[in-house]
Amino acid sequence: MLASLHMTTPSPVRPPLSIVILAAGQGKRMKSDLPKVLQPLAGKPLLAHVLDTAKQLSAAGIHVVYGHGGDRVREVLAHEPVQWALQAEQLGTGHAVAQALPAIPDDHLVLILFGDVPLIKSETLEQLLASVDDQSIGMLSVILRDPTGYGRVIRDHAGHVVRIVEHKDANTKERTVPEGNTGVMAVRAQSLRKWLGALKNDNTQREYYLTDIVSMAVREGLRVKAVPAPTEIEVLGANDRTQLAQLETALRSERATHLLVAGAILADPLRVDVRGDVTIGRDVFIDVNVVLVGNVRLGDRAHIGPNCYLEDCEIGSDTRLFPNCVVTKTTIGAACSIGPFARFRPGARLEEGVHIGNFVEVKNSHVGKGSKANHLSYLGDATIGEKVNVGAGTITCNYDGANKYRTEIGDGSFIGSGTMLVAPITVGANATIGAGSTLTKNAPEGKLTLERAKQMTIEGWKRPKKKT
Ligand code: UD1
Ligand code: CA
């Protein structure tokens with residue numbers, strides 16, 4: 001019966017959203033030549049992390065306020081759908097937001113993010129956005145164990161937020177407040193424009209503080225809704241190398257947990273680095289110190305040994321990588337045995353059941369089903385058929401100093417150890433090449449081909465002796 005009494009309240013329509021990301025700061029405390037927002041976290045610039053989150057919020061526009069290292073910042077994100085606003089001089093966070101405002105219509109809701117706070121989650125931001133209406137502004141606050149350095153959220157006796165005081169401007173009592181300002185705010189553009197225009201820099205830092213708009217809103221009778229961030233790490237800024245390392249550790253652990261939840265077996269969740277998007281099958285095993293970069297796909301029961309580096313690659317089901325392999329832009333089929341110490345460069349493609357052993361390098365080559373190169377080889381620009389045996393020390397001599405040439409090796413052939421295949425060259429199917437040959441001409445199929453000087457023994461020869 002109760003159900004029939006339930007009234008559906010229409011959810012208020014959210015105004016169009018504009019996001020402003022502040023990224024003009026230099027980040028002096030990083031002691032780096034790289035602008036702060038370009039410092040890498042899990043292999044990706046801090047600003048790119050914020051941008052990826054911003055893109056999940058279906059905003060009408062994303063504006064990046066840049067300044068320090070401007071050209072490099074714009075270059076790195078040149079392909080991103082953002083509008084740029086230059087803040088030539090860093091006069092404070094309020095001044096920074098003001099640089100983006102001319103491009104934002106009055107009826108938009110403006111969400112302000114910091115380019116150096118990379119782990120903020122879109123869910124948290126959605127909550128903040130949902131909390132604001134035209135009678136309020138929203139801010140993300142955080143309860144801190146050590147709020148030193150943060151702006152403090154000051155509330156009245158009724159518990160309503162009345163203003164924010166920066167750490168440097170706060171008195172002893174205000175500094176005991178554990179609730180900090182994260183810097184993330186959501187405000188209607190029209191009000192923001194008015195308040196930013198009225199900011200003064202009469203504070204210890206001589207800056208135009210964005211945070212001063214809080215007391216302005218209160219004075220006009222608006223509510224300030226402080227939404228608490230779920231965790232401290234989500235709103236941690238990367239101001240120096242220590243904080244950047246803290247963020248890296250946190251993100252590594254979060255991503256390892258994702259892998260575990262997806263079903264991976266990790267030898268040690270603290271010692272696997274995911275720096276991209278990893279897709280895994282069932283019962284995948286990943287040993288310690290494995291680094292996964294870009295797009296990596298690991299098939300069912302793939303086994304990745306310790307110290308492997310995998311970038312933009314696919315590893316087939318039941319394939320095993322022994323320790324210390326480097327795999328870049330490569331596709332490895334099912335049931336292969338790889339390494340230890342094997343190296344795959346871009347364009348390597350291995351079919352099922354291939355064995356590539358220690359100190360073998362494969363580049364831009366296709367290796368057919370069941371073929372083996374188990375020791376000390378270079379296979380570059382080669383097409384290798386099925387069930388080929390490449391002997392130890394075989395090299396495809398693919399480069400004459402100016403041009404690259406291809407080597408073709410037919411199905412079922414046997415390449416003796418220490419063979420130099422001077423490309424362009426073709427070895428026919430089921431051919432056998434004698435060990436130590438340097439082939440400059442094609443080897444016909446089904447026959448033994450070798451190139452070898454006649455062995456001789458010099459009678460009466462004496463080994464030279466050192467003078468005493
Ligand atoms: C700011 C907040 C503080 C909050 C803290 C959280 C103000 C006045 N203070 O302080 O309340 O607790 O963040 O981390 O907002 N930036 C520009 N242009 C400028 C100044 C800053 O783009 O002129 C950018 C920086 O690159 C950075 C962000 O704004 O991404 C924050 O600036 P920062 O100087 O780190 O502010 P805090 O002093 O830490
Ligand atoms: Ca900061």
Side-chain angles (χ1 to χ4, degrees), residues 14-25 27 35-66 73-74 76-85 93 96-97 100 104 108-132 138-142 180-187 210 226-239 243-244 246-258 261 273-278 293-295:
R14 189 206 284 170
L17 178 67
S18 278
I19 300 176
V20 176
I21 303 175
L22 302 190
K36 173 155 82 167
V37 292
L38 295 187
Q39 297 291 333
L41 173 70
K44 192 165 85 175
L46 290 170
L47 181 54
H49 285 269
V50 181
L51 201 55
D52 283 351
T53 308
K55 286 194 285 194
Q56 291 170 33
L57 297 172
S58 49
I62 300 177
H63 305 257
V64 179
V65 180
Y66 72 106
V73 176
R74 288 190 65 154
V76 169
L77 299 180
H79 54 288
E80 295 286 1
V82 300
Q83 280 170 268
W84 297 95
T93 49
V97 174
I104 299 174
H108 280 211
L109 178 61
V110 181
L111 174 67
I112 297 152
L113 302 176
F114 286 180
D116 61 347
V117 179
L119 298 188
I120 188 87
K121 287 198 159 60
S122 59
E123 296 81 11
T124 307
L125 296 173
E126 290 285 8
Q127 263 182 36
L128 176 68
L129 293 172
S131 76
V132 273
M139 57 167 288
L140 196 66
S141 72
V142 59
N181 167 39
T182 66
V184 177
M185 288 195 181
V187 190
L210 171 65
V227 174
T231 58
E232 226 177 281
I233 195 77
E234 224 185 283
V235 294
L236 180 69
N239 294 302
Q243 288 175 326
L244 192 56
Q246 259 176 288
L247 289 160
E248 188 84 47
T249 305
L251 187 54
R252 181 185 305 128
S253 148
E254 182 184 310
R255 289 179 171 183
T257 304
H258 283 320
V261 170
D273 262 62
V274 177
R275 300 180 192 158
D277 297 315
V278 179
V293 180
N295 280 306

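Quick note: residue numbers are just sequence positions, from 1. These figures come from a predicted structure and were not determined experimentally.
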task: May I have the step-by-step check of side chain to side chain contact (heavy atoms under 4.5 Å, CB included) for Lys55 and Glu80, ending in yes or no?
output: CA-CA 10 Å; Lys55 286 194 285 194; Glu80 295 286 1; 2.6 Å; yes
Inter-residue atom distance [X].[atom1] - [Y].[atom2], 0.5 Å rounding:
{"X": "Arg252", "Y": "Leu41", "atom1": "CZ", "atom2": "CG", "answer": "10.0 Å"}
{"X": "Leu140", "Y": "Ile112", "atom1": "CG", "atom2": "CD1", "answer": "12.5 Å"}
{"X": "Leu125", "Y": "Gln56", "atom1": "CG", "atom2": "CD", "answer": "9.5 Å"}
{"X": "Gln39", "Y": "Leu46", "atom1": "CD", "atom2": "CG", "answer": "7.0 Å"}
{"X": "Ile104", "Y": "Gln83", "atom1": "CD1", "atom2": "CD", "answer": "8.0 Å"}
{"X": "Glu232", "Y": "Leu119", "atom1": "CD", "atom2": "CG", "answer": "12.5 Å"}

field: Test item: Thr257 side-chain N/O and Ser253 main-chain N/O as donor-acceptor pair under 3.5 Å
entry: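 Yes, because the side chain of Thr257 sits within donor-acceptor range (under 3.5 Å) of the backbone of Ser253.
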field: Thr124 side chain vs Ile120 backbone, donor-acceptor pair below 3.5 Å
entry: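 No, because the side chain of Thr124 does not come within donor-acceptor range (under 3.5 Å) of the backbone of Ile120.
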message: Under the criterion side chain to side chain contact (heavy atoms under 4.5 Å, CB included), I'd like the reasoning laid out for Leu236 against Gln243: C-alpha separation, chi angles, the key distance, then a yes or no.
response: CA-CA 8 Å; Leu236 180 69; Gln243 288 175 326; 3.9 Å; yes
At their closest point, which heavy atom of [X] faces which heavy atom of [Y], and how far apart are they?
{"X": "Ile19", "Y": "Ala54", "result": "CD1-O, 3.6 Å"}
{"X": "Gln246", "Y": "Ile233", "result": "O-CD1, 4.1 Å"}
{"X": "Val50", "Y": "Gly115", "result": "CG2-O, 3.8 Å"}
{"X": "Ala96", "Y": "Leu22", "result": "CB-CD2, 3.8 Å"}
{"X": "Asn181", "Y": "Met185", "result": "OD1-CE, 4.4 Å"}
{"X": "Val132", "Y": "Gly138", "result": "CG1-N, 2.9 Å"}

- prompt: In terms of side-chain geometry, is the basic nitrogen of Lys121 or Glu254 positioned less than 4.0 Å from the acidic oxygen of its partner?
  reply: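 Yes, charged N to carboxylate O under 4.0 Å.
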- prompt: Going by an N to O cut-off under 4.0 Å, is there a salt bridge joining Lys44 and Asp52?
  reply: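 Here Lys44 pairs with Asp52 in a salt bridge, since their nearest N and O are under 4.0 Å apart.
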Are [X] and [Y] packed together at the side-chain level, in the sense that at least one heavy-atom pair is separated by less than 4.5 angstrom?
{"X": "Val73", "Y": "Leu38", "result": "yes"}
{"X": "Trp84", "Y": "Leu77", "result": "yes"}
{"X": "Pro118", "Y": "Leu247", "result": "yes"}
{"X": "Asp273", "Y": "Arg255", "result": "no"}
{"X": "His108", "Y": "Leu17", "result": "no"}
{"X": "Thr182", "Y": "Phe114", "result": "no"}

query: Applying the side chain to side chain contact (heavy atoms under 4.5 Å, CB included) test to Leu113, which of Val184, Thr53, Val64 qualifies?
result: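 Testing each of Val184, Thr53, Val64 against Leu113, the sole residue satisfying side chain to side chain contact (heavy atoms under 4.5 Å, CB included) is Val184.
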- request: Under the side chain to side chain contact (heavy atoms under 4.5 Å, CB included) rule, what do His63 and Ile21 come out as? Steps first, then yes or no, please.
  value: CA-CA 6 Å; His63 305 257; Ile21 303 175; over 6 Å; no
query: Does the side chain to side chain contact (heavy atoms under 4.5 Å, CB included) test come out yes or no for Leu57 and Glu126, once each step is laid out?
result: CA-CA 8 Å; Leu57 297 172; Glu126 290 285 8; 3.5 Å; yes
